[in-house]
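Shown next, in structure tokens, is the structure this report addresses.
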Protein chains: 2
Amino acid sequence: MNIGQASERSGVSAKMIRYYESVGLLPSAARRANGYRDYGDQEVAVLQFVRRTRDLGFSLEEVSSLLALWSNTRRPSREVKKLAEKHIADLEVRMAEMREVSKTLKKLAGACHGDDRPDCPILDDLSQPRTKRPAAKHAKA
Amino acid sequence: MNIGQASERSGVSAKMIRYYESVGLLPSAARRANGYRDYGDQEVAVLQFVRRTRDLGFSLEEVSSLLALWSNTRRPSREVKKLAEKHIADLEVRMAEMREVSKTLKKLAGACHGDDRPDCPILDDLSQPRTKRPAAKHAKA
DNA sequence: GTTGACCTTCCCATTGTGGGAAGGTGCAGG
DNA sequence: CCTGCACCTTCCCACAATGGGAAGGTCAAC
């Protein structure tokens, strides 16, 4: 089947399928005489796996590792679990950072009248030379 | 003072100061005869404001709006509060997505022995053609 | 006058995705 | 047979925000 069909069935855009192939996440697809990529059910299954793994927030690098484990029938489940737990820990860290920020903002927003008047504790806080805010060293969130 | 000093005092890297200027977040800095950018306490205060606002996770576009409000003494605090609340809502959405994913992964990881054996509920789940997983439509996290 | 610490601009890489151009292919209808 | 449309191909650009680093100018101290 063509890439369009594979895209539709897997939920991965054609653009992304080509990209995944180009960065080596996926093996080079078979080509037909006209140069079109050709996919079978097996390939679609892989794409679906990638899609779901991405949906769970794993990076492409992690997806790559999971794909390798998936296709290795002698993998130790330990490896898989380790990746999952690392990702969970990652999520927890980011959620904690976000929770801190959210808490701070809620407190500030709660103290702001939010009317026509210009005085605003939010801006006041942002103007503080040094804050006692939890020092979000790398608050990506 | 030079950009290095301003960077140190504001906590914004020299690289970023130049970048912020280049994208119009900050006005063009004054230049000395030798072409070096020149900063005063006022500029450093702005940089600190940007830094703290970024630390709270606002995008550069939002920082830009907040800067404008900050320097407008006749702003309605309503505007500021609105931006803060939008950002809070944003965080809540992302945290909710992450929580879902985290919950799913914890359940799966909990069911995986994590030893030398290859059988693994995590991979099994990722292989499911269609999951009942909360359909994280755009789980960026 | 040389060394070293600054500064300048410019380009590249990151992560993952989409948009779009320019051109080939293949099928259906006229 | 030709045209049009839908599909495919590759290639480049853009995003957001940041860092790395090259090539070159400047300045102060020694």
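To find a chain, count down the sequence lines: A is the first, B the second, and so on, and within it residues start at 1. Values below: every heavy atom of this structure, side chains too, minus hydrogens, waters and symmetry copies.
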### Message
How many whole angstroms separate atom CD of Glu8(B) from atom C1' of dA5(C)?
### Response
13 Å
### Task
Take atom CG of Leu25(B) and atom P of dA17(D), then tell me their distance rounded to the nearest Å.
9 Å
#### Entry: Integer-rounded Å distance: dG16(C) P and Asp55(A) CG
14 Å
Listing time: all N or O pairs from protein to nucleotides 6-9 of chain C that are below 3.5 Å?
residue : atom : partner  : partner atom : Å
dC6(C)  : O2   : Tyr36(B) : OH           : 3.4
dC7(C)  : OP1  : Ile3(B)  : N            : 3.4
dC7(C)  : OP1  : Gly4(B)  : N            : 2.5
dT8(C)  : OP1  : Arg37(B) : N            : 3.0
dT8(C)  : OP1  : Arg37(B) : NH1          : 2.8
dT8(C)  : OP2  : Arg18(B) : NE           : 2.9
dT8(C)  : OP2  : Arg18(B) : NH2          : 2.8
dT9(C)  : OP1  : Arg31(B) : NH1          : 3.4
dT9(C)  : OP1  : Arg31(B) : NH2          : 2.9
dT9(C)  : OP2  : Arg37(B) : NH1          : 3.0
dT9(C)  : OP2  : Arg37(B) : NH2          : 2.9

#### Entry: Pairing residues for Arg31(B) by the side chain to side chain contact (heavy atoms under 4.5 Å, CB included) criterion, not counting sequence neighbours
Glu21(B), Arg37(B)
### Spacing of Leu26(B) atom CG relative to dA17(D) atom C1', expressed in whole Å
14 Å
#### Entry: Heavy-atom donor-acceptor pair, Ser64(B) side chain to Leu60(B) backbone, under 3.5 Å
no
### Task
Please state whether the phosphate of dT15(C), meaning OP1 or OP2, lies under 4.0 angstrom from any side-chain nitrogen or oxygen of Ser59(A).
no
### Task
Compare side-chain N and O positions of Tyr20(B) against OP1 and OP2 of dT18(D) and report whether any pair is under 4.0 Å apart.
yes
#### Entry: Length of the line joining Met1(A):CE and dC7(D):P, which is rounded to integer Å
16 Å
### Task
Determine yes or no for a side-chain-to-main-chain donor-acceptor pair under 3.5 angstrom, with Glu43(A) supplying the side chain and Gly40(A) the backbone.
yes
#### Entry: Expected output: side-chain Gln128(B) to main-chain Asp125(B) donor-acceptor under 3.5 Å
no
#### Entry: Polar side-chain atom of Ser102(B) near backbone of Ile88(A) as donor-acceptor pair, under 3.5 Å
no
### Query
Salt bridge check: are Arg117(A) and Asp119(A) linked by an N-O gap of less than 4.0 Å?
no
### Task
Could you check how far CE of Met16(B) sits from P of dA16(D), rounded to whole Å?
13 Å
#### Entry: Upstream residue (5' side of DNA chain D) when Ala33(B) and Leu60(B) are each assigned their closest nucleotide
Leu60(B)
### Task
Grab the CD-C1' distance between Glu61(A) and dA13(C) for me, whole Å please.
15 Å
### Task
Grab the CZ-P distance between Arg94(A) and dT15(C) for me, whole Å please.
14 Å
### Query
Given dG19(D), is OP1 or OP2 found less than 4.0 Å from the side-chain N or O atoms of Ser13(B)?
yes
## Note on the structure
Heavy-atom nearest pair, Ala84(B) first then Phe58(B), reads CA-CZ, 4.2 Å
